[in-house]
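Quick notes on the structure that follows.
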Amino acid sequence: MKHGKLELKMQKQFNTEKQIDQYLDHLEFLSSKIADNISMGLFEEINKMDYERKKIIHKISSEAANLNDNRRKRLRLVWVNNNNMVKTLEDKNYQQKKKFNILKKTINEYSRNT
């Protein structure tokens, strides 16, 4: 009886680790995709991917106690990369808004003078 419970516990742990690895793989994919979209100026899909990224991080954090050192390091690396991408996105977004506001003011001034 104890042997069966141990096997069941080990199987559950294996499944959890496999699922966490899949989450980490998907996080890395999303990170790469977000970075590509940022570099190409394709900002429409980023919010959707960021929402998905946050959901995955939330799921992983509920299993954080079960992460081994390698998975923790991998998650930390993905987290750092994501933070860098978010900062880059915010900077680019700020620059785009700044350019837009300057253009808008220029057009308004031009319209008043004609």
Out of curiosity, Ile34 CD1 to Leu27 CG, how far, rounded to the nearest 0.5 Å?
9.0 Å

What's the spacing between Lys99 NZ and Asn101 CG if we round to 0.5 Å?
13.0 Å

Do the non-hydrogen side-chain atoms of His26 and Arg53 ever get within less than 4.5 Å of each other?
no

Apply side chain to side chain contact (heavy atoms under 4.5 Å, CB included) to residues Ile56 and Leu30 and explain how you reach the verdict.
CA-CA 10 Å; Ile56 292 170; Leu30 286 173; 4.0 Å; yes

Output for pair (Leu24 CG, Gln22 CD), nearest 0.5 Å, gives 10.5 Å

Would Asn37 and Met49 count as a side chain to side chain contact (heavy atoms under 4.5 Å, CB included) if you check the C-alpha gap in whole Å, the side-chain angles of each, and the deciding distance to 0.1 Å?
CA-CA 10 Å; Asn37 283 6; Met49 287 185 287; 3.0 Å; yes

For the atom pair CG (Leu103) and CG (Asn108), what is the distance rounded to the nearest 0.5 Å?
9.5 Å

Evaluate the side chain to side chain contact (heavy atoms under 4.5 Å, CB included) criterion for residues Lys55 and Glu52: first the C-alpha distance (whole Å), next the side-chain angles of each, then the deciding distance (0.1 Å), finally the verdict.
CA-CA 5 Å; Lys55 280 182 13 183; Glu52 187 175 354; 5.5 Å; no

Trace of the side chain to side chain contact (heavy atoms under 4.5 Å, CB included) decision for Lys104 with Phe100:
CA-CA 6 Å; Lys104 186 177 174 183; Phe100 175 78; 4.1 Å; yes

Do Lys59 and Ile20 make a side-chain contact, defined as non-hydrogen atoms from C-beta onward lying under 4.5 Å apart?
no

Looking at Ser32 and Glu28, would you say the former's side chain and the latter's main chain have a donor-acceptor pair under 3.5 Å?
no

Taking only Lys NZ, Arg NE, NH1 and NH2, and the carboxylate oxygens of Asp or Glu, determine whether Asp69 and Lys73 approach each other closer than 4.0 Å.
no

